[in-house]
Amino acid sequence: MTLAKRLTMISPPAGWAAMAFVPTKRKRNTQPMTQERNQQRAGPLSAGRATSTNSEVELDKAKSNKNRTQGEECPQENQPEEEIPKVPTGPGPYFYISGSNGAGLVNIYCQSRGWQRIYDNRREDYALKWCEIKCRETYYHFKEGEQLLYQIPNNRVLTSKIGLLCCLREQERVMKKISRSSNPKLLKMEEFFPESFRLDLKDERNAFFKLCKEEQIWICKPSCSNQGRGIFLLKDPAAVTTLQAKLRSAEEHLLNQRVPYKAPPARIVQRYIHQPLLLEGKKFDVRSYLLIACTAPYVLFFAQGYVRLTCVSYDAASDDLTVHLTNQHMQKKNSQYSQLKDETVWRMEHFNNYVNEKFRKTNGLPKDWVFTVFTKRMQQIMLQCFLAAKHKLDRKLGYFDLIGCDFLIDENFKVWLLEMNANPALHTNCKVLRDIIPAVVYESLDLVLEVFNKCLKGQSVLPLETLCHFVHLYHEDAADLGQKQPSKLSPGQPTGQFLRPQTGGTSHFGQSPAKVLENSSEELGCSRKKAAQKDLSTNCPNYTSRAALRPSWKHPLSYHRARGLFTSSEDIKRK
């Protein structure tokens with residue numbers, strides 16, 4: 001049984017408002033409003049074999065699932081009868097979770113505050129909704145300034161390959177017109193983003209096919225996919241010619257169709273970085289996090305993640321994609337994964353020590369290059385990508401997002417951004433991830449709640465009492481907002497009402513629910529109540545106390561602050 005499943009089965013501590021778990025029978029229903037069942041049953045998609053380098057075969061295999069990759073509609077399927085919990089009878093607040101990614105951790109976090117979980121996506125009285133798959137219905141009844149909703153509706157402008165590419169290109173064009181000297185801290189695209197072409201645009205396709213005549217390696221990716229699905233390499237002119245013929249044939253077929261025809265998924269090709277830095281002979285990348293804690297105004301944070309390595313040594317000529325793609329979903333396809341699972345994920349401290357020992361002297365690197373130069377560059381790239389897309393993102397008070405950002409380092413220690421991922425994997429299937437992922441989820445929700453409540457009260461966002469592991473990256477002040485507010489709440493509107501428990505009753509902490517809410521955004525972050533810690537430790541064996549998650553001076557983010565390194569966008573500018 002996976003950790004996520006075990007977490008969701010944990011019994012709530014004594015004293016919490018009772019939830020009736022008497023099973024009831026649900027009849028088959030294919031109405032559109034029953035999408036919550038499909039969401040809850042949705043798990044990671046299985047991918048086909050990815051070991052072939054034949055582009056024609058891979059293009060045929062990589063058929064898109066629009067519902068899951070773009071998140072615009074819920075999959076509608078006939079589902080068998082199933083048992084579901086009854087509606088909770090307590091006073092709330094209520095939270096709703098769909099999908100399995102991070103569900104156990106979010107469930108523990110919310111229940112530690114005395115909140116109650118609901119299982120009906122049609123209910124409109126939730127305080128927090130955390131959905132793995134985006135559905136139109138999820139956003140229909142969202143009440144701005146009253147509820148919290150995970151995943152910005154159109155985050156694909158930042159997290160899809162084509163969306164990010166378009167934003168960066170637009171930013172590059174603007175910077176060329178107004179002179180880059182006006183903002184010298186902005187990087188040129190070629191300084192951090194691999195050369196890329198869109199295959200859905202004829203001019204770009206032709207430019208790419210004209211360019212790649214010689215022996216070069218390119219990587220072809222679907223625009224709206226993850227976990228390595230649909231990716232293949234173009235390693236020689238023959239593979240490129242095959243791809244060209246395939247695309248031309250598809251285009252001609254589309255033109256000749258007299259009935260609606262579903263076009264193949266949009267793709268990009270990127271220049272493959274064939275000389276990556278290796279750790280113990282293996283290829284790796286670094287997963288870090290960008291938290292958009294609030295969109296009105298924008299408040300951003302950065303968090304260190306972990307290093308992802310392949311199971312086997314790197315060989316640029318290999319046809320095995322598990323040699324080239326480092327994500328855990330792809331590595332599970334390797335026959336050695338079960339034996340090497342814990343070795344495929346490193347802590348950032350381990351990575352820093354390895355670079356100090358192996359590369360510092362020979363490459364002339366400063367001490368602790370990982371926690372100084374590399375981390376600063378990651379933050380700079382993240383912020384630049386966000387600034388390129390921020391004017392396109394949907395903005396309402398209550399939207400928030402946690403984005404996984406993947407970086408690769410080449411043998412010259414140049415840092416490349418590979419992609420930005422919506423709904424990043426929050427699984428804890430190895431020791432390092434069990435230590436890192438809970439801290440990321442818990443502090444993300446701490447910061448989201450604190451910022452949300454301060455915005456409702458008209459208070460200054462800074463300083464933040466719940467800021468522990470994360471680094472404040474960007475804060476949009478009133479001057480940035482100007483005259484055009486991204487959202488205006490109606491005068492006298494009862495904001496934040498679904499975050500307020502009803503009067504009467506007692507909370508998990510033995511206080512009135514209203515008092516719990518007051519404490520939840522201000523005191524239950526870095527200084528979480530000792531009673532809550534003790535109760536959760538006793539009743540939730542897999543829960544890690546906030547005290548245990550609090551950074552020591554050896555923690556990378558605390559290390560930054562202790563050395564006086566950047567902690568905000570202003571610090572980045574000064575550096």
Side-chain angles (χ1 to χ4, degrees), residues 2-4 44 101-102 104-105 226-228 276-280 282-291 301-311 314 322 325-332 334 337 340-359 368-379 381-382 402-409 415-444 468-471 473 542 544 548-552 554-560:
T2 63
L3 176 62
N101 188 35
L105 297 174
N226 55 18
Q227 297 182 334
L277 184 68
L278 303 178
L279 301 182
E280 297 181 349
K282 300 176 182 179
K283 187 177 180 181
F284 74 96
D285 68 7
V286 175
R287 162 63 59 86
S288 294
Y289 297 96
L290 173 66
L291 171 65
F301 299 90
F302 163 85
Q304 295 276 22
Y306 51 92
V307 179
R308 307 184 300 185
L309 297 87
T310 58
C311 291
Y314 176 68
T322 65
L325 304 182
T326 61
N327 66 76
Q328 290 283 298
H329 184 83
M330 185 60 64
Q331 290 307 304
K332 289 178 181 178
N334 192 291
Y337 178 77
L340 302 175
K341 179 174 61 175
D342 286 329
E343 298 178 21
T344 62
V345 181
W346 282 12
R347 297 177 183 274
M348 295 300 290
E349 296 92 333
H350 185 180
F351 178 38
N352 182 64
N353 293 335
Y354 187 91
V355 171
N356 280 342
E357 179 182 349
K358 301 291 184 179
F359 301 113
D368 299 324
W369 178 86
V370 169
F371 291 143
T372 54
V373 178
F374 175 57
T375 298
K376 178 180 178 180
R377 180 51 63 98
M378 285 195 295
Q379 291 185 347
I381 292 172
M382 282 186 191
L402 182 65
I403 297 172
C405 305
D406 299 335
F407 296 89
L408 184 142
I409 305 167
V415 179
W416 299 91
L417 173 66
L418 297 180
E419 59 186 19
M420 303 180 80
N421 301 277
N423 193 41
L426 299 173
H427 307 301
T428 53
N429 60 342
C430 69
K431 185 178 185 303
V432 172
L433 295 181
R434 284 193 291 272
D435 292 337
I436 293 174
I437 299 300
V440 170
V441 173
Y442 297 151
E443 188 166 344
S444 292
C468 292
H469 297 75
F470 284 46
V471 172
L473 192 61
N542 293 305
T544 305
L549 297 175
R550 186 176 297 173
S552 66
K554 293 184 179 181
H555 190 281
L557 296 183
S558 297
Y559 183 84
H560 297 153

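All values reported here derive from a predicted model rather than from experimental measurement.
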Close side-chain approach of F284 to W346, heavy-atom, < 4.5 Å:
no

When every non-hydrogen atom of N421 is compared with those of D406, the smallest separation belongs to ND2-OD2, 3.0 Å

Between CZ on residue R287 and CG on residue L433, distance to nearest 0.5 Å:
10.0 Å

dist L291:CG -> F470:CZ (nearest 0.5 Å) comes out at 5.5 Å

State, yes or no, whether a side-chain contact exists between L277 and F359 at a heavy-atom distance under 4.5 Å.
yes

Do any N or O atoms from the side chain of D285 and from the backbone of L408 form a donor-acceptor pair under 3.5 angstrom?
no

Return the OG to CE distance between S288 and M348, rounded to the nearest 0.5 Å.
5.5 Å

Rounding to 0.5 Å, atoms CG (L325) and CG (L418) come to a distance of 10.0 Å

Assess the residue pair K282 and E343 against the criterion (side chain to side chain contact (heavy atoms under 4.5 Å, CB included)); give the C-alpha distance rounded to whole Å, side-chain angles, the decisive distance to 0.1 Å, and a yes or no.
CA-CA 11 Å; K282 300 176 182 179; E343 298 178 21; 4.2 Å; yes

Which is it for V440 and L402 under the side chain to side chain contact (heavy atoms under 4.5 Å, CB included) test, yes or no, and what are the steps along the way?
CA-CA 9 Å; V440 170; L402 182 65; 4.0 Å; yes

Identify the heavy atoms of D368 and N352 that sit nearest to each other, and give their distance.
OD1-ND2, 2.9 Å

Tell me, do W416 and I381 make a side-chain contact under 4.5 Å, heavy atoms counted?
no

Non-hydrogen side-chain atoms of H350 and V307 separated by less than 4.5 Å:
no

For I437 and A425, work out which heavy atoms get closest and say how close.
CD1-O, 4.4 Å

Would you check if the side chain of E443 reaches a backbone N or O of C468 as a donor-acceptor pair within less than 3.5 Å?
yes

Donor-acceptor pair, Y354 side chain versus E280 backbone, under 3.5 Å?
yes

Return the minimal non-hydrogen interatomic distance between C405 and L290, and the atom names on each side.
SG-CB, 4.1 Å

R308 backbone acceptor or donor facing T344 side chain under 3.5 Å
no

Considering only heavy atoms from C-beta outward, does the side chain of R347 approach that of Q304 to under 4.5 Å?
no

Looking at OH of Y289 and CG of L426, how far apart are the two atoms once the value is rounded to the nearest 0.5 Å?
6.0 Å

Side chain to side chain contact (heavy atoms under 4.5 Å, CB included) for V373 and R377? Distances and angles first, verdict last.
CA-CA 6 Å; V373 178; R377 180 51 63 98; 5.6 Å; no

Step by step, would you call I403 with M382 a side chain to side chain contact (heavy atoms under 4.5 Å, CB included)?
CA-CA 10 Å; I403 297 172; M382 282 186 191; over 6 Å; no

Shortest non-hydrogen contact from T375 to F302?
CG2-CE2, 3.8 Å

Quick check: do F301 and S444 have side-chain heavy atoms less than 4.5 Å from each other?
no

Identify the two heavy atoms, one from V345 and one from L309, that lie closest to each other, and give their separation to 0.1 Å.
N-CD1, 4.4 Å

